[in-house]
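Computed from heavy atoms alone, side chains included, the values below leave out hydrogens, waters and symmetry copies. This is a predicted model, so every value here is computed, not measured.
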Amino acid sequence: MPRLIAVILLVAIVVYAFIVALQMDPRRTPAGINKWVWVIFTILPPVVGSIIFLVANYVMNSKGRPPGGPRRGPVAPGPMAPDDDPDFLRSLEDELRRAQYDKRLREHEDENGPESS
């Protein structure tokens with residue numbers, strides 16, 4: 001019985017590696033090896049070739065990902081909160097500058113009186 005389970009497990013690994021090799025993008029193959037070479041490599045030396053392919057594919061695909069699992073979708077570029085948004089902060093500074101300028105202008109007019117034109 002344990003031998004049957006081992007054989008079923010090995011066949012499952014070979015079939016899985018074969019399917020993954022067939023479905024992979026030819027531009028993103030592990031170690032830069034041609035897609036069809038990987039497909040043949042998973043069939044000819046079945047167990048060893050499949051395991052090598054699966055490990056190489058996993059290592060290649062996990063290099064660009066952050067730790068903590070796969071990404072769920074595209075991350076929106078830019079700040080998430082208003083206090084992190086440089087444009088929003090700049091507009092607040094401009095608003096504050098205008099308010100201070102208006103206040104100084106009113107104070108200057110109060111000191112000198114209304115100007116006659």
Side-chain angles (χ1 to χ4, degrees):
M1 186 67 164
R3 285 185 185 178
L4 181 62
I5 292 174
V7 169
I8 291 173
L9 181 65
L10 294 176
V11 169
I13 289 173
V14 170
V15 170
Y16 176 74
F18 179 73
I19 291 171
V20 170
L22 280 176
Q23 292 179 345
M24 85 173 129
D25 183 10
R27 294 170 296 190
R28 299 195 64 224
T29 59
I33 298 173
N34 189 330
K35 170 183 174 175
W36 296 107
V37 172
W38 279 117
V39 170
I40 293 169
F41 192 63
T42 58
I43 295 171
L44 291 182
V47 178
V48 177
S50 298
I51 292 174
I52 290 173
F53 167 74
L54 291 174
V55 169
N57 193 34
Y58 175 78
V59 169
M60 187 204 69
N61 287 332
S62 65
K63 281 185 181 177
R65 293 188 186 154
R71 287 183 239 161
R72 296 287 176 196
V75 177
M80 298 298 252
D83 59 339
D84 292 337
D85 186 357
D87 294 331
F88 178 74
L89 295 175
R90 193 174 311 112
S91 71
L92 287 179
E93 289 174 6
D94 292 344
E95 213 173 290
L96 181 63
R97 254 187 243 119
R98 271 190 237 113
Q100 289 173 347
Y101 176 77
D102 289 344
K103 182 180 176 186
R104 279 184 285 168
L105 188 62
R106 274 187 260 116
E107 288 173 356
H108 182 69
E109 286 178 354
D110 290 343
E111 289 176 3
N112 295 334
E115 294 183 23
S116 52
S117 27

Evaluate side chain to side chain contact (heavy atoms under 4.5 Å, CB included) for Val48 paired with Phe53, printing each intermediate quantity in order. CA-CA 9 Å; Val48 177; Phe53 167 74; over 6 Å; no
If Ile, Leu, Val, Met, Phe, Trp and Tyr residues are connected whenever their side-chain heavy atoms lie under 4.5 Å apart, and connections chain through other members, are [X] and [Y] in the same group?
{"X": "Leu10", "Y": "Ile19", "value": "no"}
{"X": "Leu9", "Y": "Val20", "value": "yes"}
{"X": "Val11", "Y": "Ile52", "value": "no"}
{"X": "Ile13", "Y": "Val15", "value": "no"}

Determine the minimum heavy-atom distance between Ser50 and Val14, stating which atoms define it.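 Heavy atoms only, the tightest pair is OG-CA, 3.5 Å.
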Measuring from atom CD of Gln23 to atom CZ of Phe18, what distance do you get when rounded to the nearest 0.5 angstrom?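 Here the rounded value is 10.5 Å.
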CG/Leu96 to CD/Glu93 distance, rounded to the nearest 0.5 angstrom?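 It is 8.0 Å, given to the nearest 0.5 Å.
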Working note: Leu54 + Tyr58, criterion side chain to side chain contact (heavy atoms under 4.5 Å, CB included); need CA distance, chi angles, decisive distance, verdict. CA-CA 6 Å; Leu54 291 174; Tyr58 175 78; over 6 Å; no
